[in-house]
Amino acid sequence: MASNSDASPMSKNPPQQMAPKKKAPLSFALRARNFAARSLRFGSGVVGIAVAANVASHYYELKQVDTFFGDSADSSSDKEGTQSDDKSKSKTKRCVLVLPFQNLKVVEHRSGGDFDDLKRLGPDRDKQPTIVLEAKELVKIIHTAASDPNITALHADFGEGMRFPCGLGHMEEIRNAIRVFNESHRAHRDPNINHNPVFAMPRNGDPKPSYAFGHSFQWNEYFLASSFSYVHLQSRGALHLFGVTASNTFLRSALDRYGIKAHVFKHGDYKTAPNIFTEDKYSKPHLEAVKSMTASLNSTICCCIERSRDLNFDSVMWKSIFDYGSLTSANSAEIGLVDSIFPLDPLLSLLHANKEKKEDKEKPTTAKKAKLEEIFGLNKSFDKFVATEQVSLVKYHEMMRMKAKLEKRRKYFTKLAESSTAASLILSTIGLAPREANLLPSKVEKVAVVTVDGNIGSSLAYEIIEALRKIRADNAVKCLVLRVNSPGGSVTSSEAILEELKILEKPIICSMSNAAASGGYYIATSCEKIFANPTTTTGSIGVFGVKFDASKWAKDYGIRTDYYPHGSHAASLNPFVPLTPGSKENISRMTVGFYDYFKSIVATSRSMSVDEVEQVAQGRVWTGEQAKEVGLVDRLGGLDSAISFAKSSHTKSESVDVEYWPRKRGFWDLISGKESFAGIISEAASLVKNPSNETDSIVHLFNEMSELKFAERPHFMLTIDEKTALDLILRGE
């Protein structure tokens, strides 16, 4: 028997490997379920990260606001007990809010929203960066600072002067806000309605000082600066107090030179806006109107300065100041127009001295005080200056916006928490909503503020009408405040806005800004109450039409036009066809119709007869103070006064939200297609190239003359402003 060892190795079969068993393919339903499970896990992770990032962002912003403003809520609630008072005082900072008026551009409405910040990319970014603020934003900042315990003083830097002109109406509202700051130890029902209750201060507290420093002051600049507690002037500076000045441009000779004739049809001797085309100088009615308006403005400004500076100047004294010329710093201090004369702005030196005094309490401060007296002299106004650090206007505004955003978010989450117990538990656990329920009223009433800013043309009318229709559909809006800052515009655009206001079915209050004249007053006739500042320019109840005739220009340059009309008026719009008697009668008839209708709506709105309206119409321009005397305005006051009246008269709840329209454009509008991408890019480019973004209408007129685009139709306008008339004509409105 052979052994196993004798067997040949080749005879052995190699071990067989087990073939892998194939898995059965998953069904479509199972694969879909697995995919859904993975997607759900991934989605849950993304949502979790997003929620965590949102919560972290919320807490970061909340920490920033709390650090900036301090624990004001606790300090305001602990008013009793020495220990709590000491604790709140230790948390309160001592800051001065700096208002850089030399670089500040105050406007009525910033339609560009965040895109206005692109102006800082312009050629002046390294020199004098421009800060653009709406008038109501600046007023709110000053009101908030008045009740903020961390702000102990205001300091206004006028430098060489205000680079951007500010309207007198805006100046009055800013002056009122500064008066509120100066009297922060008192309770102000109006215009102090914007005070934040979180920063409520005791009424028996000390008043806060405010300081204004400038190298020199013009008349309007000093009007604003005089509202501050102390006015300081540079040693070599001067006050150029020459009074109110009116300036008008006349183009008749220039148009004659180019062979263009402007046929003007108007009603009222005082409708002087078209005089730019037909006169070479002031006509008698035009001069009379200018004298009346400037005298009223001058008187108002003088009275305001006297009250602010506690002066007792009579008309003889003011005339002497106007006729004397520029007042040196010594002259100004001698008659009480300024408090002190300094070689330079004392702000930084005072801050440094107060900071050293705070840090080195045990060391004597005699040397530091002596140094300050050596530079600036012995000045009692310094005794009230206790600030140790400064806060810029941009930073303070940014933190106010962040605080408002956090408050809006808190209201949203609180409302969301009230919808269910589970949501309330989750949101309160992570700190996005308070644990207490029913903190917000079920229905919040609103007051909508619609701003009509600029020349009233088709573009502005479309924007305002769109806003009015959205407001009409919102049942929470109980009252509309129509804020008008316009010298007027075209008849048809003004009528379009007026008709939309008539069907709003909500009470309307009007607040007039720098100007609300002609077309601006036209749309105000829909309001039950009209508020105006004393320096507001208003009235100008009248209308005019313009037909340009370029036939002589064409003849001089050898241009011949032939035409065949099917009607007697078919060629009347042709700029190369002279004005015919029939066309003249037609345009005159339309002008009369517009004027009669204007008077009728004013008579209905103001409860006057047509004859009584005629006495104050005829295109006559009035200041706000004069308009109140003749019955065209109900009350004197700014935007805050109008909003306060709207709240007290037409809302019932204590919690009233104020919404501002038209909405500012933001980045979301761009990516969502609500704004033209090309348009916004073009606007951004224009801001970088030209930060002022202003057009010289007169230069534009002569650039367009060769093409005669402006002469293709007759123009019917409700405006007091020559520049407005030019702009509307060049735009074909």
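These numbers were taken from a predicted model, which means no experiment stands behind them.
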Beyond-backbone contact of [X] with [Y], side-chain heavy atoms, under 4.5 angstrom:
X      : Y      : value
Asn220 : Met162 : no
Ile503 : Glu500 : yes
Ile530 : Leu632 : no
Cys527 : Ile509 : no
Tyr595 : Glu614 : yes
Glu172 : Phe223 : yes
Asn275 : Phe250 : yes
Asn533 : Leu168 : no

Does atom [atom1] of [X] have more than 12 heavy-atom neighbours, drawn from other residues, nucleotides or ligands, at distances under 6.0 Å?
X      : atom1 : value
Lys555 : NZ    : no
Phe242 : CZ    : yes
Glu585 : CD    : no

Has [X] got a side-chain atom pairing as donor or acceptor with [Y]'s backbone, closer than 3.5 angstrom?
X      : Y      : answer
Asp269 : Gln618 : no
Thr538 : Ala516 : yes
Ser511 : Arg483 : no
Thr525 : Tyr522 : yes
Thr536 : Ser513 : yes
Asn298 : Val244 : yes
Arg252 : Thr278 : yes
Ser583 : Leu579 : no
Glu108 : Thr451 : no
Asn455 : Gly489 : no

Taking the six-membered ring for Trp and the full ring for Phe, Tyr or His, determine whether the centres of Phe548 and Phe277 are under 6.0 Å apart.
yes
Stepwise side-chain contact (heavy atoms from CB on, under 4.5 Å) check, Glu134 with Tyr660
CA-CA 12 Å; Glu134 294 179 358; Tyr660 294 94; over 6 Å; no
Pair Glu288 + Lys291: basic N to acidic O under 4.0 Å:
no
Check this for me, if you would: do Arg606 and Asp634 make a salt bridge, where the nitrogen-to-carboxylate-oxygen distance has to be below 4.0 angstrom?
yes
Identify the heavy atoms of [X] and [Y] that sit nearest to each other, and give their distance.
X      : Y      : answer
Gly243 : Trp219 : C-CD1, 3.5 Å
Met512 : Ala524 : CE-CB, 4.2 Å
Val290 : Ala246 : CG1-CB, 3.6 Å
Val264 : Pro274 : CG1-CB, 3.5 Å
Cys302 : Phe322 : SG-CZ, 3.9 Å
Phe576 : Ala554 : CD2-CB, 3.5 Å

To the nearest 0.5 Å, how far apart are [atom1] in [X] and [atom2] in [Y]?
X      : Y      : atom1 : atom2 : answer
Leu480 : Ile508 : CG    : CD1   : 5.5 Å
Ile301 : Arg175 : CD1   : CZ    : 9.0 Å
Leu297 : Ser292 : CG    : OG    : 9.5 Å
Leu468 : Leu501 : CG    : CG    : 5.0 Å
Lys547 : Asn586 : NZ    : CG    : 11.5 Å
Ser494 : Ile456 : OG    : CD1   : 4.0 Å

Should Tyr222 and His240 be marked as a side-chain contact (heavy atoms from CB on, under 4.5 Å) after you check the CA-CA gap, both sets of side-chain angles, and the distance that decides it?
CA-CA 9 Å; Tyr222 184 76; His240 308 288; over 6 Å; no
Indicate whether the side chain of [X] and that of [Y] have a donor and an acceptor atom separated by less than 3.5 Å.
X      : Y      : answer
Ser299 : Glu625 : no
Ser609 : Asp611 : no
Ser540 : Lys271 : yes

Taking it one step at a time, do Ile321 and Leu239 satisfy side-chain contact (heavy atoms from CB on, under 4.5 Å)?
CA-CA 10 Å; Ile321 293 174; Leu239 295 186; over 6 Å; no
For the pair Tyr557 and Trp553, name the ring-plane relationship: parallel under 30°, tilted 30 to 60°, perpendicular over 60°.
tilted
Could you please spell out the steps behind the side-chain contact (heavy atoms from CB on, under 4.5 Å) verdict for Val543 and Tyr597?
CA-CA 10 Å; Val543 63; Tyr597 180 71; over 6 Å; no
